[in-house]
K.L.:
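A single structure is presented below for examination.
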Amino acid sequence: MTHRFWRQPLHAWLDEFTTAGLALDRLVEHQPLPSMARYHPKEHEKLTHQPGFMAVRLRKQHPGI
């Protein structure tokens, strides 16, 4: 399986979504579990400040809204 990723400012993501006729319903930037700090402290520290990925829930925009 190929997984593609790239970094860009959040406003650029939102602009792409709205240009495609979508509205943001929910945005979640996942945080590592506290237990990760015990086994992987460097990675835990980094992911606490720079989430590794985000999840979005989008919905189709209705004209006039």
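In what follows, every heavy atom counts, from backbone to side chain, and hydrogens, waters and symmetry copies are set aside.
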K.L.:
Sequence neighbours excluded, which residues qualify as side chain to side chain contact (heavy atoms under 4.5 Å, CB included) partners of Thr18?
P.N.:
Gln61
K.L.:
Looking only at heavy atoms, which two atoms of Met54 and Leu27 are closest? And how far apart?
P.N.:
SD-CD1, 3.5 Å
K.L.:
Using the test ring pair (Phe, Tyr, Trp, His ring centres under 6.0 Å), find all partners of His30 that sit at least two apart in sequence or belong to another chain.
P.N.:
Phe53
K.L.:
One pair to check against side chain to side chain contact (heavy atoms under 4.5 Å, CB included): His40 and Leu47. What are the steps and the verdict?
P.N.:
CA-CA 11 Å; His40 306 284; Leu47 291 172; over 6 Å; no
K.L.:
Under 4.5 Å between side-chain heavy atoms, hopping through other hydrophobics if needed: is there a path connecting Val28 to Leu14?
P.N.:
no
K.L.:
If Ile, Leu, Val, Met, Phe, Trp and Tyr residues are connected whenever their side-chain heavy atoms lie under 4.5 Å apart, and connections chain through other members, are Leu22 and Leu10 in the same group?
P.N.:
yes
K.L.:
Given the rule that I, L, V, M, F, W and Y join up when any side-chain heavy atoms are under 4.5 Å apart, are Trp13 and Val56 in one cluster?
P.N.:
yes
K.L.:
Restricting to non-hydrogen atoms, name the atom on Asp25 and the atom on Arg59 that form the minimum distance, rounded to 0.1 Å.
P.N.:
OD1-NE, 3.6 Å
